[in-house]
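Everything numeric in this text was worked out from a predicted model, so none of it was measured. Naming: A, B, ... by sequence-line order, numbering from 1 per chain.
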Amino acid sequence: MKDAFGAPQSLLILGGTSEIALATARRLIARRTRTVWLAGRPSPALERDAEHLRALGADVRTLAFDALDPESHETVLGKVFTEGDLDMVLLAFGVLGDQARDEREPVAAARIAQTNYTGAVSALLVCARALQTQGHGSLVVLSSVAGERARRSNFIYGSSKAGLDAFAQGLGDALHGTGVHVMVVRPGFVRTKMTAGRAEGPLATTPEAVATAVEVGLRRRSETVWVPGALRLVMAVLRHVPRAVFRRLPI
Amino acid sequence: MPADTASDPDGSASDPAEPVSVTGWGRTAPTTARVVRPRTYEEAAAAVRACGVRGGIARGLGRAYGDAAQNAGGAVLDMTGLDRVHAIDVDGGTVLCDAGVSLHRLMEVLLPLGWFVPVTPGTRQVTVGGAIGADIHGKNHHVSGSFARHVLSFELLTADGAIRTVGRGTPLFDATAGGMGLTGVILTATVRLQPVETSLMSVDTERTADLDDLMARLTATDHRYRYSVAWIDLLARGRSTGRSVLTRGEHAPLDALPPRARRRPLAFRPPRFPSAPAFVPEGLLGRGTVGLFNELWYRKAPRARTGELQRIPAFFHPLDGVPHWNRIYGRGGFVQYQFVVGHGREEALRRIVRRIAERRCPSFLAVLKRFGEGDPGWLSFPMPGWTLALDIPANLPRLGAFLDELDEEVAGAGGRVYLAKDARLRPELLADMYPRLTEFRELRAELDPRGVFTSDLSRRLDL
Ligand SMILES: Cc1cc2nc3c(=O)[nH]c(=O)nc-3n(C[C@H](O)[C@H](O)[C@H](O)COP(=O)(O)OP(=O)(O)OC[C@H]3O[C@@H](n4cnc5c(N)ncnc54)[C@H](O)[C@@H]3O)c2cc1C
Ligand SMILES: NC(=O)c1ccc[n+]([C@@H]2O[C@H](COP(=O)([O-])OP(=O)(O)OC[C@H]3O[C@@H](n4cnc5c(N)ncnc54)[C@H](OP(=O)(O)O)[C@@H]3O)[C@@H](O)[C@H]2O)c1
């Protein structure tokens, strides 16, 4: 169960090798988390990450999960819930792609949408139902500022996050009053392997900062969290910039 | 008194099939459950049988601060529908009543007959079931012990659907007293009462300069009073750390009343004020406002006054005048931290008080009391020593980690925190604080192998 400050005792991470998710897990293990499930595509990295969290004192298990295989989600994720309550599910999987290449390779572009959006839709629905049955829990969804307004430079990724973001918001409304809390997290540029080698944005941040924001959001039962917080204002302005100007902004 | 009984989940009359959101008095960590309100013992038994895999838990008036009377995804048995007073032995001084009867109701019924409840907490809005479930204590603990000491027997609906009569001195009695509803549902109880000549209290008030002054006075003279408690200003720092207002009293004898009052010495008419508003902006209770309140409160108290006549609500239940006062903490809710450390552990108490004062928690007057002998309940909270209780807004940054540090002090000093107030204890500390936890778990495993009785508290702390 979560405590009075929203700190979970058990955690399921979808996208178990995500640097943001692992920073969040470390943070929550320092509070109350004792049971962690890392769901992801089987790899030595996944096992290594599990081992690191174990060293912090948590009971960690890994599980094979592929966002691109929605048919399996019901069985794979359903099984985790039969082993005990989960206080929090963190949806962290996602792919950034390569905009220039993906514009030329429609199949690759479609895979981004299938991972970030379609895969998330089915995984979120499976988890939402299980959380609703247990009558409590937080569903934390890593969206992105990129989904707030599609940009010329990464609209394939951006549009997939826009879809995910809208879906998660709707799901949050649907679950209102069921005891399940849905929190949409919109980070800006975060320094992880996903963004390695790319030019940093002005408000670049770290996985640890996202983790802190998640912890605070859980305590406040927030529905939307921006990281860093200043992005809320920046995006409020950018959202209203006319298309002709927006198109030419160096972002 | 509809406004108060509506402390049932979200105050709405609910369709039992529809899950509703439930919290404790502190309004943190809401979860949803099916709320069933049995009106008969048969309905209660049927509700227990129909609990399903996620089990059920009894709920009284929801005055426990944390998650003791909620059960995510399962059933919550709202016991306030079982509210009959069955028999009063006017000569012997006992009452037999349903577990859903409130102490408020008992006072209304009993005071005109010259009897009072044996133990009352800081609010009258608790049920007899909740009073046994948490084995509550009052201002008279140093003299009278906790509530269950005055319970002669109760009827308990257990996981197998049977109703057992449970008498004092049995393991099931001592597991249930303070057992937080986890041994079964109490249906009725027979309670021994306290005789009184009047419904007024004769009260002595004194101001103490600091914590040591307070402890010295309590140690020297507490035995002279039946009721004793100190309100302590935890925002005062430096030399005034722990300054307090100590109020102690006794039921006023008839001859202490002025002639006019003697005509109706047992009258009981609690005043009521409007509810706190349903919506309160975050951060209303900052350090400034709370500090000012505490300052005024301390200043307005007399340096010393004896024999003042006070009504029962004013002396015991000052907060009951404002229904739903818990809303003033806004959406984030609040936690109450209450712990006890034994005699000889005064240094730990001093350290904790100093830390709280230095941390500048915007905490209204906290309550300090000196406990008497411990109670037989396996998970009963009191032990001979010092108990401190304070309310803190839950949205205070890093409060979780701060309270964890205080827990370490408390556990290190052989003390414990009170489960009826808890919403955040680190589960690993529970066994240190409650040495009879193993016995409790064993009894539960035998009596309720499928874990029918389950609460968010029992899941969180693995009770
Ligand atoms: C303003 C205020 C002041 C307080 N002051 C004090 C104080 O001075 N001393 C003190 O000890 N406590 C104090 N409390 C706490 C309160 O007395 C306890 O939490 C009490 O248990 C609340 O009773 P309730 O009927 O509201 O029960 P709930 O809060 O609904 O339930 C509390 C526990 O009792 C169990 N329970 C309730 N009914 C039954 C039943 N029929 N059968 C089995 N189990 C049952 C529940 O499962 C739960 O575990 C205070 C609370 C408030 C809000
Ligand atoms: N980094 C940023 O700047 C940034 C900004 C905003 C939002 N986000 C979002 O935050 C989330 C986490 O990002 P991160 O920075 O932590 O990136 P990361 O370290 O690269 O993590 C991405 C994760 O997604 C997993 N994944 C990819 N495809 C998958 C599939 N088909 N099935 C299962 N898992 C799959 C990866 O697993 P494998 O190990 O199997 O590849 C990896 O665990 C992502 O959703 C990302 O879009 C990131």
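- For CD of A/Glu223, the number of neighbouring non-hydrogen atoms (other residues, nucleotides, ligands) closer than 6.0 Å is 12 at most.
- Heavy atoms only, all atoms of each residue included: B/Ala29 and A/Lys2 are closest at CB-O, 4.1 Å.
- When heavy atoms are compared at a cutoff of 4.5 Å, A/Gln134 approaches chain B by way of both its backbone and its side chain.
- A/Met1 contributes atom CE, which lies 8.5 Å from atom CG of B/Asn71 (distance to the nearest 0.5 angstrom).
- Within 6.0 Å of atom CZ in A/Arg129, 12 or fewer heavy atoms from other residues, nucleotides or ligands are found, so the atom counts as exposed in its surroundings.
- Between chain B and the residues A/Val216, A/Thr178, A/Asp87, the largest count of heavy-atom pairs under 4.5 Å involves A/Thr178.
- B/Leu403 touches chain A through its side chain: at least one heavy atom from C-beta onward sits under 4.5 Å away, while N, CA, C and O do not.
- Between B/Arg331 and A/Arg221, the shortest heavy-atom distance links the atoms NH2-O, 3.3 Å.
- Nearest heavy-atom pair across A/Asp3 and B/Arg424 is CB-CA, 3.9 Å.
- Residue B/Asp404 touches chain A through its side chain alone, counting heavy-atom pairs closer than 4.5 Å.
- Of all heavy-atom pairs spanning A/Arg219 and B/Arg398, the tightest one is NH1-N, 4.0 Å.
- Pairing each heavy atom of B/Ala394 with each of A/Ala4, the nearest pair is CB-O, 4.5 Å.
- Contact annotation for B/Ala33: neither backbone nor side-chain heavy atoms come within less than 4.5 Å of a heavy atom of chain A.
- A/Arg54 CZ: more than 12 foreign heavy atoms inside a 6.0 Å radius.
- Legend: residues meeting ring-ring contact (aromatic ring centres under 6.0 Å, His included) with B/Phe339, ordered by chain and number and at least two apart, are B/Tyr337.
- When each of B/Gly24, B/Gly66, B/Pro397 is scored by its heavy-atom pairs under 4.5 Å with chain A, the top score falls to B/Pro397.
- Residues B/Pro427 and A/Gln9 come closest through the heavy atom pair CG-NE2, 3.5 Å.
- For chain B, the nearby part of A/Arg220 is the backbone; its heavy atoms alone come within less than 4.5 Å.
- With sequence neighbours excluded, the residues that form a side chain to side chain donor-acceptor pair (under 3.5 Å) with A/Asp85 are A/His136, B/Arg54.
- Contact annotation for B/Leu457: neither backbone nor side-chain heavy atoms come within less than 4.5 Å of a heavy atom of chain A.
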